[in-house]
Amino acid sequence: MATNAVTVLNSEEGRSLVRKKCRAAKIPISVLEELIEAELDQQGKKRKAGLWDEIDRILDDLDSGESP
């Protein structure tokens with residue numbers, strides 16, 4: 001993930017809070033990080049071609065148990 005892109009993930013206190021919320025939602029923090037990375041990869045582009053496909057892939061991996 002891009003350094004300092006999501007400030008809440010840069011501190012241990014913030015990561016702990018995000019981990020707690022992810023656990024409550026039954027979503028691995030790695031999946032959240034992948035989704036954030038997919039969005040960050042599109043920053044600055046006029047068209048976010050492929051973003052929905054990437055989100056679908058990440059969520060499909062989650063459903064099939066292939067997520068880290």
Next item on the list: Apply side chain to side chain contact (heavy atoms under 4.5 Å, CB included) to Val6 and Glu33, showing your working.
Entry: CA-CA 10 Å; Val6 181; Glu33 290 173 329; over 6 Å; no

Next item on the list: Starting at SG of Cys22, measure out to CG of Leu17 and round the result to the nearest 0.5 Å.
Entry: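 Result: 9.5 Å between the selected atoms.
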
Next item on the list: Could you grab the distance from atom CG of Leu35 to atom CG of Leu40, nearest 0.5 Å is fine?
Entry: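 Here the interatomic distance stands at 11.0 Å.
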
Next item on the list: Only counting residues at least two apart or in another chain, list the ones meeting salt bridge (Lys or Arg N to Asp or Glu O under 4.0 Å) with Glu12.
Entry: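 With sequence neighbours excluded, Glu12 shows a salt bridge (Lys or Arg N to Asp or Glu O under 4.0 Å) to Arg19, given in chain and number order.
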
Contacts under 3.5 angstrom, residues 43-58 side chains, donor-acceptor by atom type, not counting sequence neighbours:
residue: Lys48; atom: NZ; partner: Glu39; partner atom: OE2; Å: 2.5
residue: Glu54; atom: OE1; partner: Arg57; partner atom: NE; Å: 3.3
residue: Glu54; atom: OE2; partner: Arg57; partner atom: NE; Å: 3.4
residue: Glu54; atom: OE2; partner: Arg57; partner atom: NH2; Å: 2.7
residue: Arg57; atom: NH1; partner: Asp61; partner atom: OD2; Å: 2.8
residue: Arg57; atom: NH2; partner: Glu34; partner atom: OE1; Å: 3.2

